[in-house]
Amino acid sequence: MSKLVTKVLATGAAVSMLTLPGLAPAIGAPSLGNGNSTDDSATAPSEAAPADPDESSNDSTDGKSAPSDNAGDEQDSGSDAQSAPEGTKVQLLNITDFHGRISEAGTQVASVVEEERAKFGTGGDNMGTALLSTGDNIGASTYTSSSQNDTPTLDVLNAMGVEASAVGNHEFDKGIDDLTGRVSDEADFPYSAANVYDKGTQNVVDGLDEYSIVDVSGVKIAVIGVVTKDTASLVSPDGIADLDFGDPTDAVNRVADDLENLPEDERPDMTVVEAHLGASSTESLEDAKASNAEFKKLVTEADASVDAMFTGHTHMPYAFEAPVPGEPDRTRPVIEAGSYGEYVGQVTMRVDGNSDWQASGIDLIETEGKSYDSEVVDKVAGIVSDAEEKAKELGSEVTGTISEDITRAKKDGEEDRGAESTLGNLVADALKEGVEETQLEEADFGITNPGGLRTDLLCDDIYNSEEKCEVTVAELNSVLPFANDHGVVTMKGSDVIGLFEEQWQPDGASRSFLHLGISDDLDVVYDTDADKGEHVKSVKVDGKDIDPNKDYRVATLSFLATGGDNFSSFALGDFEQSGLTDFETWENYFNKHQAEDKDVTPDKNERQADAAKDVIDNGELSAELTGPKAIKPGENAEFALKTNAKSEVAGPIDVTIDLPEGYTAEAAAQSKAQSASAGATKGRAPEVSAEAAKTITLDSIPAGESETPVTVTAPKDASGEVTVKASVQANSDGPWWDDNPLPLAHEFEATAAVGDDANASAGDDGSADGGNADGGSADGGAADGGDSAAGGNADGGDSAAGGSDGSSNAGSGADGANASADGGSADGSGADANSSKDGGDLPRTGFETVNIVAAALALIVAGTTAVTIVRRRKLSLQN
C-alpha cells in the first residue's frame, strides 16, 4: 500500500474569530458565529499590521516550498498530541471548490487569508495558521484560468500559501496522468487522495498522497484527503480507466489507524480530514446527514482521532459541530466553505484539559469586497492581471459565425427574463447536442435558465479584429461565464411538467416568472391566466405528449440540476456530470458549425406558447367544418371551413386535412362571406399533387365571416360514410413570440354518407339537402332565420356532421357559398363540428411572417396521407 507522506512546516500568523456577515448557511451550534449582517458594502483594509510574507514557508519531502520564506527551520516537536500544552491554539483556514475564480475572487480570498493570519499571529498560545483546500481548485473554471489550463489558478494558490489539498473530481478532468504530472508539478502543495486506488487493488495511486503533514510551529497536523466515489461517473472514463474510487470513510479510518500505529515521536498532534463530498441540505446537521449517504457515514463513522472535517463538492456553505463517535462529551467541526471563493472557512482548534483538540471557534468569512494591504495580495493581483491579458489574446480566436443577432428577450430595451429568447433556446440546443460528445447516454432534450445568459451575440460586436458576425471564444464566454458543470438529469415526466409550472416563481421572488430556454425537441403550451399549479396545458417531446411516468434525460447545467432559481423539480432527479462545463459545450457547438462551414442561426420558432392568447379559446374567432349529406362513389362534393373573426387574425395559419384512404381533396380560394342572398364567385386553386403540397397555409383569417371550400372526391369503390377532419393552428413561420393567436390545435370534422343511391353532391343547385330540424328553406335558410345556407344555427346549429338531422349544402350555388348574418356557431365549434380545444394536441408552432398577401390555399391529399405541419422542415404551397 502506497503511503506518500509529505511533511510541511507552516508558521502562522492567523486569526481570531470573525462574525458571519450576510451568511446563509446553517449554524449547527452556538459557537458557530454570531451574526447575519446584510451589509453588502466593501470592507476597508484592516488596521492590523500586514503579515510579513517572509514569516512562513512550506518545506516538503518532494522539494516543494511555499511562496514565502520561513523565519526558521522545520520544527518537529517529536511528541504526540498528548504532549501539547493545554490552551495551545492553531487556526485552520480552508477553501473549497474554487474552480479557477481568480478574476472574480482571487485577491479577495487572499485578502481574507492574509488578514486572518495577521490577526491570529504566533504569540502566546497561538501557534499559527494552516491554509488548506478540499479540492476542485481547478476545472470548471472561468475563461481567464481555463484558457491557460488553470496554471494561473495554481500560481494564485501557491502565492496564498495553500499547504495541503484533497483532490476533487475536477482534478481528474484531464486524466490521472495530468493530475500526477503537470498539475502536481505546478502546485507547491501536495494533493491527497486516500481512496483513489490502482484498479483492482487497495494501493493508493502513485503520485498522490494518502495524507500529508503540515507543521505549524511544532504542532504536527495530519491532513487526510478523500474524494467522492461518484468521481468515477463525473469525468471522462478514458482518463481514469486504471483507477478505482473506494469508500471515503473506510479510507479515512484506515489511514487514521495507520497514524495511531506510528512510533510515538512520529504521530501527528492533530488529524484533519479534507473530504471532497458534502451535504446537499443545510437546515440542520440531521438534515445534512439525511441528504447524502457518503456525508452521513463520514460524520458518524470516521475514527474518533479525527479532530476536524472540511467538506466540499456540493457548493453549500454550512458549519456544524458533530458528536465524536464513542465520545458523547466531544464534538468536532464539520464545515464547508461554499464555492468559488465566496467564503473562507475558519476553525480555531484548542487543546483542552483532557489533551483533546476542540474547536473554540468556527466561522465562514465572506470574501466579497475584501481588500488587505499585503505583499501576498499584491502578488496574487499581479498573477491575475497577467492571466487576464493572456486570456484576452487567446479569446480573440474566431470559433464560428452567426447569420444574424442572437439575443436574450427584451422589453423596453432591457433584458426580460420572463419571455422566450432565441439565445436561451440556442443554448438549450447546445446543451442537448453536447451530451453526444461525452461518455453519457444521449439526452431527450435540453433546458437552461434565462439568468445564466449574461449578454447577447451581436454581429456588430467586435472583440478584437474579427469580421462582422464572426464570434470569438471570448464573446462566447461572455454569454456563459459561470462555468457550470454540464450534464444530464434523469427525471420523471411529471417532474418535467413541474419544471414548467415552476416558471411561475414563489411569492416574494425577485421575478414572478422565469422563462426557461428549451431545445428544439420540446413544445410547451401554458396558460398565464390559469390558477397556480394549473398553468401547463401541454408538453410534447418530439411531437408526442410527455408521459408522466416515464424517465426522461434532460441536458442542463449544475446550477439548475441542484434546484437553482427555484426549479426544485430538477433536484428530484439524478444528475450525471459529463466532465465538461456549459461553456465548453457551448464552444464545441460553434466549433462543429465552423468545421461544417455553417453559420449558427437563431431559431425564431416559438417553443413555448401562451394559451391565453388563443383566439378560438378566448372567443375572438369561431370556426366549423360543414359538408354535404352524401357523396357518390367516384364523384366529388364540397366541404367548407367557415370562420367568423371579430378582427383579422394574422397568419400564416396552417390547416390540416385528414381523409380516409383513397379519397382526395382540392381546396378553392378563400372567400369573404356576404349576405345569404348574394352570390359569390370562387376561383379554384390549381390542382397539385400530394407530394408537392404537405400543408395548407392561410395568409390570414379576415375579420367577419369567411369560408374556404374543399372539394372531396370519393374513390370509385367507396361505401359507407366518409369523415373529413380539419385542424387549425398557427403556422411555424408566424410572427409571434409569446403572442401566438393559435398555439393549440383545434380540430373540426364533418361526415357524409357514401353510396350509389346518394341523391346529393356538391355543385348541383346549392339547395339544402335535408335542411335542419327547425325547418330550413330550400336554399339553406332557416324558417326562423336562425340557420345559414351552410347549416349554421344561432344556437350551435347543424353541420354536415349532424347525422340524422341533415345539413345544409356548402356547395357553390347562389346561396351555398355564403352564411347568413346569424350563421356560424357563436362559440366557434357548432353542435356537430366536434371542435377540440382542450389543449391536448399541440402541433409544432412558430412565427416570423412571410407577408404573403394572397389569401389562397391549395392541396391534394391522397390515400391516408394527412396534410400536416412539419416544423422547421415544412413544405408549404402558397398561391
Side-chain angles (χ1 to χ4, degrees), residues 408-409 411 415-421 424-425 428 444-452 489 491-550 552 554 556 560 563-573 605-620 729-730 734 736-746 836-847:
R408 298 164 295 172
K411 185 177 182 179
E415 179 193 7
D416 181 6
R417 297 184 184 180
E420 192 161 358
S421 75
N425 288 346
D444 294 300
F445 46 85
I447 295 179
T448 194
N449 62 311
V489 178
M491 56 196 305
K492 293 292 184 184
S494 57
D495 294 329
V496 175
I497 296 170
L499 285 178
F500 292 110
E501 192 67 42
E502 287 162 356
Q503 292 179 127
W504 282 263
Q505 295 280 287
D507 293 341
S510 59
R511 291 177 173 86
S512 60
F513 183 83
L514 290 178
H515 199 298
L516 291 170
I518 62 176
S519 68
D520 188 40
D521 318 87
L522 283 170
D523 288 291
V524 178
V525 177
Y526 57 74
D527 186 347
T528 54
D529 294 337
D531 293 336
K532 185 176 182 179
E534 298 179 2
H535 293 101
V536 179
K537 299 303 178 185
S538 172
V539 177
K540 288 183 180 291
V541 183
D542 292 327
K544 297 180 180 179
D545 288 328
I546 197 166
D547 183 346
N549 299 312
K550 179 181 175 181
Y552 292 88
V554 187
T556 191
L560 278 181
D565 275 347
N566 298 307
F567 289 102
S568 57
S569 291
F570 260 127
L572 301 175
N605 295 297
E606 190 170 50
R607 298 178 183 179
Q608 292 199 63
D610 188 354
K613 310 285 187 180
D614 191 293
V615 293
I616 289 181
D617 275 352
N618 65 24
E620 295 179 17
Q729 176 265 329
W736 312 289
W737 198 262
D738 280 341
D739 193 23
N740 191 320
L742 286 167
L744 296 171
H746 297 266
S836 173
K837 302 181 295 182
D838 61 3
D841 296 308
L842 175 65
R844 298 176 181 263
T845 64
F847 65 94

What one should report as the nearest heavy-atom pair of His515 and Gly418 is CB-C, 3.7 Å

Distance (rounded to the nearest 0.5 Å) between Leu560 CG and Asn449 CG
4.0 Å

Indicate the atoms forming the closest heavy-atom contact of Ala428 with Gly446, along with that distance.
CB-O, 3.6 Å

Side-chain touch Asp565/Arg511, heavy atoms, less than 4.5 angstrom:
no

Anything under 30° is parallel, anything over 60° is perpendicular, the rest tilted; go ahead and classify Phe513 against Trp504.
perpendicular

Leu514 and Arg417, any side-chain heavy atoms less than 4.5 Å apart:
yes

Considering only heavy atoms from C-beta outward, does the side chain of Phe500 approach that of Ile546 to under 4.5 Å?
no

According to salt bridge (Lys or Arg N to Asp or Glu O under 4.0 Å), who are the partners of Glu502, at least two apart in sequence or on a separate chain?
none

If I take atom CZ from residue Phe567 and atom OG1 from residue Thr556, how far apart are they, to the nearest 0.5 angstrom?
10.0 Å

From CA spacing to verdict: side chain to side chain contact (heavy atoms under 4.5 Å, CB included), Asp739, Lys613:
CA-CA 6 Å; Asp739 193 23; Lys613 310 285 187 180; 3.5 Å; yes

Flag side-chain contact, heavy atom, 4.5 Å: Gln503 against Gln608:
yes

Asn605 CG to Glu420 CD distance, which is reported to the nearest 0.5 Å:
9.5 Å

Within the 4.5 Å heavy-atom criterion, are Leu742 and Asp614 side-chain neighbours or not?
yes

N/O donor-acceptor pair under 3.5 Å between Tyr552 side chain and Asp547 backbone:
yes

Residue pair Asp523, Val539: steps toward the side chain to side chain contact (heavy atoms under 4.5 Å, CB included) verdict:
CA-CA 6 Å; Asp523 288 291; Val539 177; over 6 Å; no

Check: His746 and Gln729 side chains under 4.5 Å, non-hydrogen atoms
no

Specify the closest pair of heavy atoms between Asn740 and Ala730, including all atoms of both residues, with the distance to one decimal.
OD1-CB, 3.1 Å

Check whether Glu534 reaches the backbone of Asp527 with its side chain - one donor and one acceptor, N or O, closer than 3.5 Å.
no

Interatomic distance, Lys550 atom NZ to Lys544 atom NZ [nearest 0.5 angstrom]:
8.0 Å

Taking every non-hydrogen atom, the tightest pair across Gly498 and Ser569
C-OG, 3.7 Å

Work out which heavy atom in Glu606 is nearest to a heavy atom in Ala609; give both atom names and the distance.
OE1-CB, 3.4 Å

Checking the side chain of Glu501 only, and the main-chain atoms of Gly533 only, is there a donor and an acceptor separated by less than 3.5 Å?
yes

First locate atom CG of Asp529, then atom CG of Asn618, and finally report the distance between them rounded to the nearest 0.5 Å.
9.5 Å

Mind checking ring-ring contact (aromatic ring centres under 6.0 Å, His included) for Phe570 and listing every partner two or more places apart, or none if nothing turns up?
none

Residues Ala611 and Pro743: closest non-hydrogen pair is CA-CG, 4.0 Å

Can any side-chain N or O of Asp610 pair as donor or acceptor with the backbone N or O of Thr528 at less than 3.5 Å?
yes

Looking at CD1 of Ile518 and CZ of Arg607, how far apart are the two atoms once the value is rounded to the nearest 0.5 Å?
7.0 Å

